[in-house]
Amino acid sequence: MGQPLRIGIVGAGAISGAYLSTFERLEAVRLVAVADLDAARAAAVAAEQGVRALTVDELLADPEVDVVLNLTVPAAHADVALRAIAAGKGVYGEKPLAATLDEARAVVEAGRAAGVRVGCAPDTVLGTGVQTARKAVDDGLVGTPVAATATMVTPGHERWHPNPDFYYLPGGGPLLDMGPYYVTALVTLLGPVESVVGSASRARATRTIGSGPRAGETVPVDVDTHVTGVLRHESGALSTLVMSFDAVATHASCIEVHGDQGSLVVPDPNGFAGTVELHRLGGGWEELPVSAGYRDAARGYGLADLAATPDGVTARASGDLAYHVLDIMTSLLTAAEKGTSVAVASTCERPAAVPLSDAPRV
């Protein structure tokens with residue numbers, strides 16, 4: 001504590017740019033090295049940032065790297081994380097924590113055994129949007145929470161993505177792709193989930209790519225593309241979730257929280273800010289002032305929060321939270337397949353609230 005965490009990035013693809021632009025205003029972290037399987041790409045990013053370009057093996061062994069920022073493809077998340085932990089380094093990764101629940105469990109358990117920090121996106125919930133809504137819940141403005149809804153509807157990423165194959169293969173689909181933002185927000189707002197029920201379907205067997213050099217090419221659909229379910233939180237509140245690559249559009253709020261004394265409209269959990277609206281019992285809709293969360297947050301604030309979290313205290317964007325969210329989603333897919341309620345085996349602490357503040361500081 002007191003010194004910025006020294007960060008080594010593994011994976012210098014497009015998403016790294018979002019983190020790098022944020023690092024410029026985060027005193028809690030300092031970039032020291034970049035690695036990528038494409039050495040030229042790593043060299044270009046490193047030269048731009050004024051840091052060293054290394055091989056992946058060199059970065060994982062480098063004593064000047066405290067935490068590995070794992071920006072590889074999901075299939076490589078667990079391998080890179082486990083190697084970093086074995087080298088005594090903390091790890092913070094893009095969502096999901098790992099491609100499978102078993103791999104995610106291995107990462108969390110390895111980090112705990114080694115005594116190193118494990119964190120994971122999404123960190124959008126640390127911004128003023130979800131945190132202002134969470135403060136309203138904590139302050140009793142909706143009374144006792146009884147229900148929530150979370151809705152994400154799009155006709156499919158193949159309309160704009162030039163290589164959308166992954167979204168329609170096992171490990172893809174609307175729930176595993178976009179669900180982490182929504183489910184992480186629901187756990188932040190209402191606490192961990194104990195069981196799920198659900199159903200799922202797919203509208204068609206192939207998708208046609210709409211842009212790029214492969215435009216007009218079809219890709220097979222091997223996953224369900226419309227998933228709906230009910231999450232029973234340990235508190236007793238029920239969250240209804242709809243994640244779809246099959247429907248066209250919706251007027252539904254991204255997230256709503258309903259209590260016996262009021263209802264909240266929560267902004268898009270894929271962003272860091274947004275307007276929170278409250279409808280009190282007997283009143284009308286009103287916009288709540290920003291009252292909690294990191295101001296002007298962006299990708300990387302979860303990593304900075306990890307850096308600023310004292311030893312022995314669970315970070316807000318923790319591996320435990322990411323594992324529980326993945327467990328909820330995979331349990332929901334199992335429930336949809338079997339047509340029965342499925343208990344969620346894991347739990348986690350409800351992440352600590354974020355007081356209204358600027359960037360995390362060590």
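Computed from a predicted structure; not experimentally measured.
If you take OG1 on T275 and CD on E287, they are separated by 4.5 Å, rounding to the nearest 0.5 Å. Rounded to the nearest 0.5 angstrom, L176 CG and L326 CG are separated by 7.0 Å. Separation of atoms OG (S291) and CZ (R134) is listed at 12.0 Å; rounding is to 0.5 Å. Once rounded to the nearest 0.5 Å, the distance linking OG of S239 with CG of L186 reads 4.5 Å. One distance of note links OG1 of T188 with CD of Q131; it measures 6.5 Å at 0.5 Å rounding.
When the options R6, K89, R30, R117 are evaluated for a side-chain hydrogen bond (donor to acceptor under 3.5 Å, both in side chains) with D66, the one that passes is R6. Evaluated for a side-chain hydrogen bond (donor to acceptor under 3.5 Å, both in side chains) with N163, the options E158, E217, R214 yield exactly one hit, R214. Screening I328, L231, L332 against V344 for a side chain to side chain contact (heavy atoms under 4.5 Å, CB included) leaves a single residue, I328.
At most 12 heavy atoms of other shown residues, nucleotides or ligands fall within 6.0 angstrom of atom NZ in K135.
Residues V51 and Y92 share a hydrophobic cluster, clusters being chains of Ile/Leu/Val/Met/Phe/Trp/Tyr side chains in contact below 4.5 Å. The cluster map of Ile, Leu, Val, Met, Phe, Trp and Tyr, joined by side-chain heavy atoms under 4.5 Å apart, puts V242 and V193 in different clusters.
Defined by atom type and a distance below 3.5 Å, a donor-acceptor pair is present between the side-chain atoms of Y294 and D305.
Applying the salt bridge (charged side-chain N to carboxylate O under 4.0 Å, His left out) rule to D79 yields the partners R83; only residues at least two apart in sequence or on another chain are considered.
H157 approaches Y168 most closely through the heavy-atom pair N-OH, 3.5 Å.
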